[in-house]
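To keep things clear, I will list the structure first and then write my remarks on it.
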Amino acid sequence: MAELKLEEMIVHPPMDQLQGFEYCIDSNPSWGEAIALGFQHYILSLGTAVMIPTLLVPLMGGSDGDKVRVVQTLLFVSGINTLIQTLFGTRLPTIISGSYAFVIPAISIIHDSSLNRITDDHERFQQTMRAIQGASIVSSCIQIILGYSQLWGICSRFFSPLGMVPVVSLVGFGLFDRGFPVVGRCVEIGVPTLILFIAASQYLKHVSVRRLPILERFSLLITITIVWIYAHILTVGGAYKHRPERTQLNCRTDRANLISSAPWIKVPYPLQWGAPTFDAGHSFGMMAAVLVSMVESTGAYKAAARLASATPPPAYVLSRGIGCQGIGVLFDGLFGTLTGSSVSVENVGLLGSTRVGSRRVIQISAGFMIFFSVMGKFGALFASIPFTVFAAIYCVLFGIVAAVGLSMLQFTNMNSMRNLFIVGVSIFLGLSVPQYFFRYTTSAQHGPAHTNAEWFNDYINTIFSSPPTVALIVAVFLDNTLDFHGAAADRGMGWWDRFRKFKGDSRNEEFYTLPFNLHRFFPTS
């Protein structure tokens, strides 16, 4: 038997950019298709926009009307932040939305004894909102400084492809608790959604109408529409009439009380809840969430770059994006969204599902966010989709993002025992440590860090509850201390070096240059 040549053995050589995308970051579909795709991204972003206020507002003493206003405000500010990011930040096709990283310090503020002593629910809601606003405004300064001072870019020089694999992967894998565990709360809606979405987007993706692969492009819209109608039929038909309250909340289409409470037209504006209040302890705790959102967003940016067929964002571009994200957190604090901002992981996954990584599509989606947040009744109609439906979609989209992280292993030597150790340990601890913190908090009603210093508790509990952050700490430490001399090729640094600087690859200018000739005022070094 003849021996195979080396080039015949390597069937799939490493590639800088993913193939098979019809539209990449700077190419655009027709306006009609782009608008439909933008609306699809808007629908997907509703899951987080509704879930965070639904969790926090009742704890603050807020009413359904207060919840609707917070949802509208969060969507409005998300639209503004997305436009800022796609125009002046990384310029990647990423939606900037509410972040779960800010939930832990927000709950800590909600349970503050000085606020709990307020007996009037509406007054307590407003005072708590103002406290969270003040903490967000102060903590945003950290992110702005780390971004625009290039400090985050300097830190990113210690990130190798090997070190980024666990971080990017756990941006997706770390959200497993928002997938099938939520689907299981209403299997008669969640499981059909999951099956239908996979069938439409993968098995029937070649079905075309006028040469447009309509099922692949719009599988999310089609799936959600069909299941939403099905869920509404079950609701009005009385299928959940005598079911437990938990089942009704997750299955019915009329339990959110958003449509009846939403105004027809309402424009969110800064300081609409009153003047923010400032407390050092609250602000220190919120800073931990800012650091977590920076790590998670960095991983999401790396994934979005590959799913948009762009080069990996250089250190300068990452810093610019983190700085813009800090401005977004500042807007969150000024408007009062109850949470800070980070990259929407599910929308990054949708880039891969549709094979459309166009920046214009995301900017159109931002326009939908702003429009429907002002037109309250219409926005509330779409927001009444049961969260179980979104959870089923997440099972696919989070998995795509996680797989993008694993794809970066192609640039490293995975026959090295050193590399296997680093990847295995960092992924395992990235999943295991946050799970310990979650189970401890669930049973004890407080995190493992439980001292008299609330700001310290928030720091530890927030940072170690984030899988990508734990993975970054472990992976980067091991990668830069464990037998790193002479291991540059094994770590993938030979491939990575040309993307660390803006001028390192000619394609960077095409993807990441600022519009309106602004690059003349913001040098790339």
Quick one: does any side-chain atom of [X] pair with a main-chain N or O of [Y] as donor and acceptor, under 3.5 Å?
X	Y	result
Ser169	Pro166	no
Thr513	Glu509	yes
Thr235	Thr253	yes
Ser45	Tyr42	yes
Trp496	Phe159	yes
Ser156	Gly153	yes
Thr412	Leu409	yes
Thr90	Leu318	no
Tyr512	Thr311	yes
Ser319	Tyr316	no

Phe368 versus Ile35: any side-chain heavy-atom pair under 4.5 Å?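 Side-chain contact under 4.5 Å: yes.
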
With a 4.5 Å cut-off on side-chain heavy atoms, are Met129 and Asp66 touching?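 Of all side-chain heavy-atom pairs linking Met129 with Asp66, none is under 4.5 Å.
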
Does Glu296 form a side-chain hydrogen bond (donor to acceptor under 3.5 Å, both in side chains) with Tyr100? I'd like the steps, not just the answer. CA-CA 11 Å; Glu296 294 178 351; Tyr100 285 92; over 6 Å; no

Looking only at heavy atoms, which two atoms of Ser309 and Phe21 are closest? And how far apart? OG-CB, 3.6 Å

Identify the two heavy atoms, one from Gln325 and one from Tyr301, that lie closest to each other, and give their separation to 0.1 Å. OE1-OH, 2.9 Å

Parallel, tilted or perpendicular: ring planes of Phe382 versus Phe372, cut at 30 and 60 degrees: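 Perpendicular, since the angle between the ring planes exceeds 60°.
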
N-O pairing of Arg178 and Glu346 below 4.0 Å: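 Judged by the 4.0 Å cut-off on N to carboxylate O distance, Arg178 and Glu346 do not form a salt bridge.
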
Identify the residue among Lys205, Arg211, Arg217 that makes a salt bridge (Lys or Arg N to Asp or Glu O under 4.0 Å) with Glu22.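 That would be Arg217.
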
So does Phe331 have more than 12 non-hydrogen atoms from other groups sitting under 6.0 Å from CZ? no

Kindly check if the number of other-residue, nucleotide or ligand heavy atoms within 6.0 Å of CZ (Phe464) is above 12?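 No - once you tally the heavy atoms of other residues, nucleotides and ligands closer than 6.0 Å, there are 12 at most.
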
Which is it for Leu46 and Leu75 under the side chain to side chain contact (heavy atoms under 4.5 Å, CB included) test, yes or no, and what are the steps along the way? CA-CA 8 Å; Leu46 288 174; Leu75 281 172; 3.7 Å; yes

Sequence neighbours excluded, which residues qualify as salt bridge (Lys or Arg N to Asp or Glu O under 4.0 Å) partners of Arg355?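 Salt bridge (Lys or Arg N to Asp or Glu O under 4.0 Å) list for Arg355, sorted by chain: Glu216.
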
Tell me every residue that passes salt bridge (Lys or Arg N to Asp or Glu O under 4.0 Å) with Glu510, counting only those two or more places apart in sequence or in another chain. none

Check side chain to side chain contact (heavy atoms under 4.5 Å, CB included) between Ile400 and all other residues, then give those that pass, not counting sequence neighbours. Leu307, Ser353, Val396, Leu397

Step by step, would you call Ile327 with Tyr148 a side chain to side chain contact (heavy atoms under 4.5 Å, CB included)? CA-CA 11 Å; Ile327 294 175; Tyr148 288 117; 3.7 Å; yes

Determine whether Phe390 and Ile393 satisfy the following criterion, side chain to side chain contact (heavy atoms under 4.5 Å, CB included), listing intermediate values before the conclusion. CA-CA 5 Å; Phe390 292 107; Ile393 301 293; 5.5 Å; no

Regarding Asp332 and Ser136, do their side chains bring together a donor and an acceptor under 3.5 Å, going by distance alone? no

Rounded distance [0.5 Å steps], CD1 in Ile142 versus CE in Met286: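 Between Ile142 CD1 and Met286 CE, I get 13.5 Å after rounding to 0.5 Å.
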
Go through the steps to decide whether Ile43 and Ile224 satisfy the test side chain to side chain contact (heavy atoms under 4.5 Å, CB included), and finish with yes or no. CA-CA 9 Å; Ile43 291 294; Ile224 287 181; 3.8 Å; yes

Under the criterion side-chain contact (heavy atoms from CB on, under 4.5 Å), which of Thr82, Leu74, Asn81 is the partner of Ser341? Asn81

